[in-house]
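Quick notes on the structure that follows.
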Amino acid sequence: MRADRLVATLLFLQTRGRVTAREVAVELEVSERTARRDLEALAAAGIPVYSQHGRGGGWSLVGGARTDLTGLTAAEIRAMFLVAGPSADSPELRTALRKLVRALPATLRPDAEAASKAGVTDGTDWSRLPVTAGTPLLDALQGAVVDGLRIRLGYARPGSPAGTRTVAPLGVVTKAGVPYLVAGTDTARGEAAAGLRIFRLDRVTSVEVTAEPVVRPEGFDLATAWRALAAPMEERMRGAIVRGRAEPTAGRVLGMLFGGRLRLGGERADGWLEMEIDGPSPEVVAAQLAGLGARVEVLEPPEARERLARLGAELAALYGEE
């Protein structure tokens, strides 16, 4: 289990002071790539692990070698257990977390145990369908990002057959439980950031890691790149405004349907509420509102009213009395 390896890697770091990924790989009997990925995971979880390049470099814990975990602060320990705890749905991972708790000073154990039980990850939606990409593909993509290697990516867009293209993986972002790969697609000139694209992982059909290195642009920041890429998508979700009125009792359902894209105003003279909804198009918003029946009335634009009228006629023809 990976959690076992993370604990072993952390303890190995503390007893040796400074190690290379190769030394960790030999000690834990894993590949060097896996060892490097685990070291990166510890750093990402908030553990004070850092790498130093060049001759005599390697991976170290801030503060030097230690024989126990007393060098970690309560906040750092909490961060690690909050990361590992929600995935502790197997006996192996629960055992690994117990091992780590025993290695902590007694005064920090209650906080760590509480953090490990503070969250649960459910990998399915309410219909019991998985909401994330398969673990093997996700692991392969994350490994390619860490190792800095280009990949041949099999990808299937909705309504189209799967195709393959070579991309430069730069990072994986999870939004609302769905992972996305951020990658450079213009690799002809060796510039990873030229032509940045987002690939939804549940549409990835295959991942083949190549031996070609990724040339990461100087100063590239994944969070900044993601915001720039996501902004046009979010803008398209707000390309149209539908206005109307809603019964007060419909407010909660509308909030569940549209979230932050819904704006409910004050009470009208007829006792209903003013309503504004952002959406990709008037027709799409109208279709989403159709299920509320007469509890809402769309006033504008005309395209939304026409869409609802067509839907109503179709339903009446299908279900109306003969």
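Excluded from the calculations below are hydrogen atoms, water molecules and symmetry mates; all remaining heavy atoms, backbone and side chain alike, are included. This one's a predicted model, so the numbers in the text were calculated from it and none came from an experiment. When a residue number appears, it is its place in the shown sequence, counting from 1.
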- Message: If I compare all heavy atoms of A246 with all of V296, which pair ends up nearest, and what's the gap?
- Response: CB-CG1, 3.9 Å
- Taking all heavy atoms of A144 and all of V209, pick out the closest pair and write down the distance. CB-CG2, 4.4 Å
- Does some side-chain heavy atom of L257 sit less than 4.5 Å from a side-chain heavy atom of Q288? no
- Applied to residues 161-182, the salt bridge (Lys or Arg N to Asp or Glu O under 4.0 Å) test, sequence neighbours excluded, yields K175-E234
- Message: Under the criterion side chain to side chain contact (heavy atoms under 4.5 Å, CB included), I'd like the reasoning laid out for L229 against L196: C-alpha separation, chi angles, the key distance, then a yes or no.
- Response: CA-CA 8 Å; L229 290 166; L196 283 181; 4.0 Å; yes
- Task: Identify, with sequence neighbours excluded, every residue that meets side-chain contact (heavy atoms from CB on, under 4.5 Å) alongside S160.
- Result: R157
- Does V284 belong to the same Ile/Leu/Val/Met/Phe/Trp/Tyr cluster as V253, with side-chain heavy atoms less than 4.5 Å apart forming each link? no
- Contacts satisfying ring-ring contact (aromatic ring centres under 6.0 Å, His included) that involve residues 152-176 (not counting sequence neighbours) are Y155-F199
- Item | Side-chain donor or acceptor of R216 paired with backbone N/O of L170 under 3.5 Å | yes
- Beyond-backbone contact of I198 with M233, side-chain heavy atoms, under 4.5 angstrom: yes
- Task: Name all pairs fulfilling the ring-ring contact (aromatic ring centres under 6.0 Å, His included) condition that reach into residues 223-260, sequence neighbours left out, sorted by first residue then second.
- Result: Y180-W226
- Is the backbone of V146 close enough, under 3.5 Å, to the side chain of R36 for a donor and an acceptor to pair up by distance? no
- Are V242 and L262 connected in a single hydrophobic cluster, I mean Ile/Leu/Val/Met/Phe/Trp/Tyr linked by side-chain heavy atoms less than 4.5 Å apart? yes
- Please name the pair of heavy atoms, one in W59 and one in A21, separated by the smallest distance, quoted to 0.1 Å. CD1-N, 4.2 Å
- Query: Do L153 and V207 have side chains that get closer than 4.5 Å, going by heavy atoms?
  - Reply: yes
- Note on the structure: Heavy-atom closest pair (L292 atom, A250 atom, distance to 0.1 Å) is CD2-CB, 4.1 Å
Could you pull out every donor-acceptor pair under 3.5 Å between side chains of residues 297-314 and any protein atom, sequence neighbours left out?
from, atom 1, to, atom 2, distance (Å)
E297, OE1, R245, NE, 2.6
E297, OE1, R245, NH2, 3.1
R305, NH1, V298, O, 2.5

- Heavy-atom closest pair, residues L289 and I277: CD2-CD1, 3.8 Å
- Is there a side-chain contact between L141 and P169 (heavy atoms, below 4.5 Å)? no
- Note on the structure: Distance col, row D202:CG vs L138:CG, nearest 0.5 angstrom, shows 11.5 Å
- Message: Can you give me the closest heavy-atom contact between L254 and M275, atom names plus distance?
- Response: CD1-SD, 3.9 Å
- Query: Considering only heavy atoms from C-beta outward, does the side chain of L222 approach that of V182 to under 4.5 Å?
  - Reply: yes
- Message: By the ring-ring contact (aromatic ring centres under 6.0 Å, His included) test, which pairs, at least two apart or in different chains, include something from residues 265-304?
- Response: none
- Does a side-chain heavy-atom distance below 4.5 Å link V167 with I151? yes
